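Report on the structure given below.
One-based numbering, in listed order, for ligands and for the atoms of each. FYI, side chains are in, hydrogens and waters are out, and symmetry mates aren't considered; it's all heavy atoms of this structure. All of these numbers come straight from a predicted model, not from anything done at the bench.
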Amino acid sequence: MFELDDTQRAFESVARAWCEGTLAPAVPALEAGEVLPYDLLRALGRDLGIADLLAAVGERRLAQLAGAAGAGQSGARGGDDGSEAGLGGDPLLTSILLKEICRVSPGFGMVLLATLGCAMTIVARGSADMIERYALPLLRFETIGAWALTEPGAGSDAFGGMRTTAVVEGETLVLNGEKTFISNSPYADVVTVYARVRAGAAAARVRPVLVERGTAGFAATPPMRKMGMHDSPTGAIFLSDCRVPLRHLLGTLEPAAAGAARGGAALETLTLERAVMPAMCLGIIERCVEASIRHAKTRQQFGRPLAEFQAIAFKLARMELALENARNLVFKLAWAQRRRALDARLASLAKLYCAEQAVLAALDAIQIHGGAGYMADLPLEKLMRDAKMFEIGGGTNEMQLQAIARAVLA
Ligand SMILES: Cc1cc2nc3c(=O)[nH]c(=O)nc-3n(C[C@H](O)[C@H](O)[C@H](O)COP(=O)(O)OP(=O)(O)OC[C@H]3O[C@@H](n4cnc5c(N)ncnc54)[C@H](O)[C@@H]3O)c2cc1C
């Protein structure tokens, strides 16, 4: 369980070669905003065969829906949606890909994650027609997706504070509201927008609604300026009497099953996001540990390598401990996903630990490299700026603690 098999190791090595050979040289231009990351995303899909592997996830879901229809069941939502299976049916391959990308550019990892978050919401909740029309092109990176839950007044309390509404008028949904800090939104072709959906006098329910760029009443801001993840465009979305066909409602308006967690589709996607972010953080930790060991062994001060100073050696020992723990958590998450036993406790626990350790590892790596670590010529200062996002996005550290506490106290 704690070692990669031959296929996984081979995949890791081709992913590393791509990230070091193709992604890394592009990072300065991406960070400067001189080029957008989407051509590179398409190259990733093509060069590593990722697009075909991802499309296969959508096609598996289509086959399930066809089977359910043949058996006279409703396949509109829930059940075995294939979303937990991962690339090539192996969740560890998804983790390896994200880890390798984030060794070089966590921001680019976010670009991929946002598109997948959008696509997998459609795969899990959409009809066969919606999957064919929207999810498959997203999974092949022919189009770009965004996943919009956060609002100016609703971040950690995304469900309680949500103001965005979608009112059913015949065969149309009319959306009004505002979303913010949405990855990919400045350029996304398709956005899954969470809204309080109201039909007649029935109580409103929070559901994802698919909105296409170019729909009247939909506006996206240019990218926001931010601390890190400069290669991942982030923006706000405004919806003003934005009308979309009723079939763009992902899932149904039926009440959630008894005992189902508050948050439904959003929580499913958040749990999946929390389950893959640890692998992204692992990439940061791994790169920082490797670079720090190398530097400590070669950089001499006071006539000795830095590694011979206990203060530095102990820092490296703690970084190695974090690396081992983070790697084990990523393996455990993949094991849980394979057994369909992924729960909010494990996902939150892993995300919290790995995010905290990624920030610490990046800060320690900079310290060990001294002034050179602070300079943009080395990747460490970018890794530190990008790492901080993982303590906020996908739910803050405090929200992960709350989820873990809720689970253990239930
Ligand atoms: C780069 C980036 C990309 C993002 N991409 C997306 C995206 O694609 N889609 C999307 O929907 N969102 C996205 N987000 C938004 C992100 O999920 C939110 O920023 C996050 O959930 C926190 O919400 P908030 O910013 O409103 O902070 P707030 O909820 O205002 O929290 C502020 C502080 O208060 C703390 N706090 C809040 N409530 C409690 C409590 N009950 N107990 C203790 N402490 C509490 C928080 O932990 C935090 O430290 C992104 C954010 C960033 C930075």
Quick check on atom 46 (C) of ligand 1 - does any protein heavy atom sit closer than 4.0 Å to it? yes

More than 12 heavy atoms from other groups under 6.0 Å of CD on Q367: no

If we count only N and O atoms by modelled type, under 3.5 Å, do the side chains of E398 and S156 hold a donor and an acceptor together? no

With a 4.0 Å cut-off on N to O distance, would you call E169 and R243 a salt bridge? yes

Looking only at protein heavy atoms, which one is nearest to atom 1 (C) of ligand 1, and what is the separation? M389 CG, 3.4 Å

Closest approach of any protein heavy atom to atom 20 (C) of ligand 1, naming residue and atom: I392 O, 3.5 Å

R16/E286 ion pair, N-O < 4.0 Å: yes

Test your reading of the structure: does T234 have an N or O sitting under 3.5 Å from an N or O of ligand 1? no

Got the closest protein heavy atom to atom 22 (C) of ligand 1, with its distance? T396 CG2, 3.8 Å

Quick check for you: to the nearest 0.5 Å, what is the distance between R198 atom CZ and R205 atom CZ? 11.0 Å

Atom indices of ligand 1 within 4.0 angstrom of I182 heavy atoms, with elements: 7 (C), 8 (O), 9 (N), 10 (C), 11 (O)

Using the six-membered ring wherever Trp is involved, compare the ring planes of H369 and H295 and label them parallel, tilted or perpendicular (cut-offs 30° and 60°). parallel

To check your reading of the model: name the closest protein heavy atom to atom 9 (N) of ligand 1, its residue, and the distance in Å. W147 O, 2.8 Å

Numbered in order shown, the ligand 1 atoms found under 4.0 Å of a heavy atom of G394 are 17 (O)

Under a 4.0 Å heavy-atom limit, does A114 contact ligand 1 with its side chain, its backbone, both, or neither? neither

Considering all heavy atoms of both residues, which atom of I404 and which atom of L349 are nearest to each other, and what is their separation? CD1-CA, 3.5 Å

Of the backbone atoms (N, CA, C, O) and the side-chain heavy atoms from C-beta on, which set of M399 has a member under 4.0 Å from an atom of ligand 1: side chain, backbone, both, or neither? side chain

Consider every N or O of E151 and every N or O of ligand 1, then say whether any pair is closer than 3.5 Å. no

Between L149 and ligand 1, which part of the residue brings a heavy atom under 4.0 Å of the ligand: side chain, backbone, both or neither? both

Within the structure, does at least one protein heavy atom fall under 4.0 Å of atom 40 (C) of ligand 1? yes

Would you verify that at least one protein heavy atom lies under 4.0 Å from atom 34 (O) of ligand 1, or report that none does? no

Does E398 reach ligand 1 with a nitrogen or oxygen that is under 3.5 Å from one of the ligand's nitrogen or oxygen atoms? yes

In ligand 1, the atoms that come under 4.0 Å of a heavy atom of Q402 are 41 (N)

Heavy atom of the protein closest to atom 15 (C) of ligand 1 (residue, atom name, distance): T150 OG1, 3.2 Å

Carboxylate-amine/guanidinium proximity below 4.0 Å for E31 and K382: yes

Judged on heavy-atom distance to atom 26 (O) of ligand 1, which of G155, G228, G395, S185 sits nearest? G155

Return the option from S183, A148, G145, G393 holding the heavy atom at the smallest distance from atom 3 (C) of ligand 1. S183

For R406 and Q402, test the side chains for any donor-to-acceptor distance below 3.5 angstrom and give the result as yes or no. yes

Indicate yes or no: does an N/O atom of F181 lie under 3.5 Å from an N/O atom of ligand 1? yes

State, without any angle test, whether K226 and T234 hold a side-chain donor-acceptor pair at a distance under 3.5 Å. yes

Do W147 and L113 have side-chain heavy atoms sitting under 4.5 Å apart? no

Is a donor from one side chain sitting under 3.5 angstrom from an acceptor on the other, for Q8 and D90? yes

Salt bridge flag under 4.0 Å for residues R9 and E12: no

Which is closest to atom 31 (O) of ligand 1 by heavy-atom distance: S156, C118, G161, A158? S156

Part of K179 within contact of ligand 1 (heavy atoms, under 4.0 Å): neither

